[in-house]
Amino acid sequence: MHVSFDPWSPAFVADPYPAYTALRAAGRAHWFEPTGQWLIPHHSDVSALLRDRRLGRTYLHRFSHEEFGRTPPPPEHEPFTTLNGQGILDLEAPDHPRIRRLISKAFTPRTVENLAPTVRRLAAELVDAFVAKGGGDLLAEVAEPLPVAVIAEMLGVPEADRGLLRPWSAAICGMFELNPSEETAAAAVRASEDFSAYLRGLIAERRTDPGDDLISALIAAHDEGERLTEQEMISTCVLLLNAGHEATVNTTVNGWRTLFHHPEQLAALRADPALLPTAIEELLRYDTPLQMFERWVLDDIEIDGQVIRRGAEVALLFGSANRDPERFARPDALDLSRTDNPHITFGAGIHFCLGAPLARLELAASFGELLRKAPALRMTAEPEWQPGYVIRGLKELRAEV
């Protein structure tokens, strides 16, 4: 059952779904020696464990590294460790609810609502330019610039500096792959240092000259006298960029690749734009941009008679859960009209994605513009997958209008 699960194999990365089928058929929890993790492939288990407080994104709120039987991160990784460790994605109570509450005061539904005209304008401009030149790389020319520009606009990053953001983000996100190399770690550390220093300067400017941007709102946010520390603000801004564009970029290009491989579904969507909301949810389910999410076991749990002890790590297989036939009818079929679609692409529980409404807004804008303005859009070459498994995306997507 484990032979087919090989996250470093290009063939597996290109199509992990047959391996997931085998894992689900073989049981509910599988020990995977190469990463020292328990693989959890079923929707019901993944969904339940995302909400289970016996698991956590960190263990340091309850145990030291030594008490938990884990080796501390190397001292040379400290800039990355600090940056990543102070973001809400990797925190538990009491810090997580405090920081999320403060962020929520700044990142409100109205914030997203107010961004809608900007998102639609940016999507229209990118698609117009793409169509005018007859096509190109959909990844580099539409999918990637849109969410990066939106997050930069939210944070108040000057236009001249926006080209710095994506390379920093890509280097930091390399650490979220399985068993990252020392070269990957070194690049992530450098990017963490540079991005943190840049944001420290931007925060200092906003303290003396606040604007109508998220950094100014984070500085002003308070709750019963509590405020975000500077490091918490820096980590929040980096998380908003990393989490706020990786999933959107990859859902866009993975989604278009999926549509090109299902011409009858693409034709139905072109014929009926009202399908777009359910189509986006189905594309998020069908080829999940984040295939795996990890949790530490803080107290013993049991899955189908298998006791998983405190100190272990579980790998929740989102890509497998979203294709589980116990929860989805015809899970391997793309159905853009699917309404019973409780995919877990945005997570669940206290770590449910704060930016999900913004991601949906961006996806609706870019897909909508391309469907309207490039009704004959077609793929000109089968794309290659990025080598990483956890974050699932393409190297490019060449298409012509």
Side-chain angles (χ1 to χ4, degrees), residues 50 87-89 100 103-104 106-124 126-127 138-139 142-155 157 165-166 169-170 172-173 176 214 236-259 269 275-293 318-319 321-322 336 338 341-371 390-394 397:
L50 284 169
I88 57 171
L89 192 62
R100 185 163 181 135
I103 294 170
S104 297
F107 191 61
T108 63
R110 175 156 302 206
T111 306
V112 176
E113 188 182 318
N114 290 343
L115 274 170
T118 300
V119 172
R120 294 185 187 115
R121 174 181 58 79
L122 289 168
L126 291 166
V127 170
L138 202 58
L139 171 65
V142 178
E144 194 171 82
L146 177 60
V148 173
V150 170
I151 297 293
E153 188 90 11
M154 281 180 68
L155 296 176
V157 174
L165 301 182
R166 173 64 171 164
S169 175
I172 291 167
C173 287
F176 305 137
L214 190 60
T236 294
C237 292
V238 171
L239 176 61
L240 285 171
L241 175 69
N242 292 350
H245 83 278
E246 285 288 351
T248 310
V249 170
N250 292 327
T251 297
T252 303
V253 289
N254 299 359
W256 274 106
R257 177 188 174 276
T258 295
L259 290 172
L269 181 57
L275 273 178
L276 189 55
T278 56
I280 287 169
E281 298 306 313
E282 178 69 345
L283 293 172
L284 284 162
R285 178 199 74 84
Y286 186 83
D287 203 8
T288 311
L290 187 74
Q291 290 282 305
M292 171 194 287
F293 225 89
F318 280 25
N322 280 344
L336 300 185
R338 189 187 298 269
N341 190 359
H343 67 74
I344 53 164
T345 301
F346 291 120
I350 67 166
H351 289 288
F352 181 80
C353 178
L354 193 65
L358 180 59
R360 288 181 166 115
L361 173 64
E362 292 169 349
L363 291 167
S366 69
F367 274 94
E369 288 290 323
L370 283 163
L371 288 165
V390 175
I391 298 173
R392 178 167 173 77
L394 301 171
L397 183 59

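All values below come from the heavy atoms of this structure, side chains included, with hydrogens, waters and symmetry mates left out.
- Once rounded to the nearest 0.5 Å, the distance linking CD of E282 with CG of L269 reads 11.5 Å.
- In this structure, the side chains of L126 and S366 stay at 4.5 Å or more apart for every pair of heavy atoms.
- For the atom pair CZ (F293) and CZ (F176), the distance works out to 8.5 Å, reported to the nearest 0.5 Å.
- When each of L363, V150, T248 is checked for a side chain to side chain contact (heavy atoms under 4.5 Å, CB included) with L358, only V150 meets the rule.
- The nearest pair of heavy atoms linking N250 to G393 is OD1-CA, 3.4 Å.
- Here the CD1 atom belonging to I88 is positioned 7.0 Å from the OG atom belonging to S104, to the nearest 0.5 angstrom.
- Rounding to the nearest 0.5 angstrom, the gap separating the CG atom in L259 from the OH atom in Y286 is 10.5 Å.
- Among all heavy-atom pairs drawn from A149 and L122, the shortest one is CB-CD1, 4.0 Å.
- Pairing each heavy atom of V249 with each of P147, the nearest pair is CG2-CG, 3.7 Å.
- What you find for A116 and L361 is that their closest heavy atoms are CA-CD2, 3.7 Å.
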Stepwise, does the side-chain contact (heavy atoms from CB on, under 4.5 Å) test hold for L214 with T236? CA-CA 10 Å; L214 190 60; T236 294; over 6 Å; no
Verify side-chain hydrogen bond (donor to acceptor under 3.5 Å, both in side chains) between N341 and T278, making sure each step is shown before the conclusion. CA-CA 9 Å; N341 190 359; T278 56; over 6 Å; no
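- Minimum interatomic distance between G347 and F352 (heavy atoms only, all atoms of both residues): O-CD1, 3.3 Å.
- Put simply, the side chain of N322 gets close to the backbone of I344: a donor and an acceptor are under 3.5 Å apart.
- Within the 4.5 Å cutoff, no side-chain heavy atoms of F367 are placed close to those of L370.
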Run V112 and F107 through side-chain contact (heavy atoms from CB on, under 4.5 Å) and show every step you take. CA-CA 8 Å; V112 176; F107 191 61; 4.2 Å; yes
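- A search for ring pair (Phe, Tyr, Trp, His ring centres under 6.0 Å) contacts involving H343 returns nothing, not counting sequence neighbours.
- Rounded to the nearest 0.5 Å, atoms CG (L115) and CZ (R121) are 10.5 Å apart.
- A donor-acceptor contact shorter than 3.5 Å is absent between the side chain of T288 and the backbone of Q291.
- How far CG of L165 is from CG of L241: 5.5 Å, rounded to the nearest 0.5 Å.
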Verdict with reasoning, I172 to V238, per side-chain contact (heavy atoms from CB on, under 4.5 Å): CA-CA 9 Å; I172 291 167; V238 171; 4.1 Å; yes
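- Of the possible donor and acceptor atoms, none in the side chain of R120 sits under 3.5 Å from a partner among the backbone N and O of A365.
- Ion pairing between a basic and an acidic side chain is recognised when a charged N comes within 4.0 Å of a carboxylate O; R110 and E113 show no such pairing.
- A salt bridge does not link R392 to E246: none of the charged nitrogens lies less than 4.0 Å from a carboxylate oxygen.
- Distance alone, capped at 3.5 Å, places no donor-acceptor pair between the S169 side chain and the R166 backbone.
- Under 4.0 Å is where a charged nitrogen must lie from a carboxylate oxygen, and between R360 and E281 at least one such pair does.
- In this structure, the side chains of N254 and L283 stay at 4.5 Å or more apart for every pair of heavy atoms.
- When every heavy atom of V142 is checked against every heavy atom of P145, the shortest pair comes out as O-CD, 3.4 Å.
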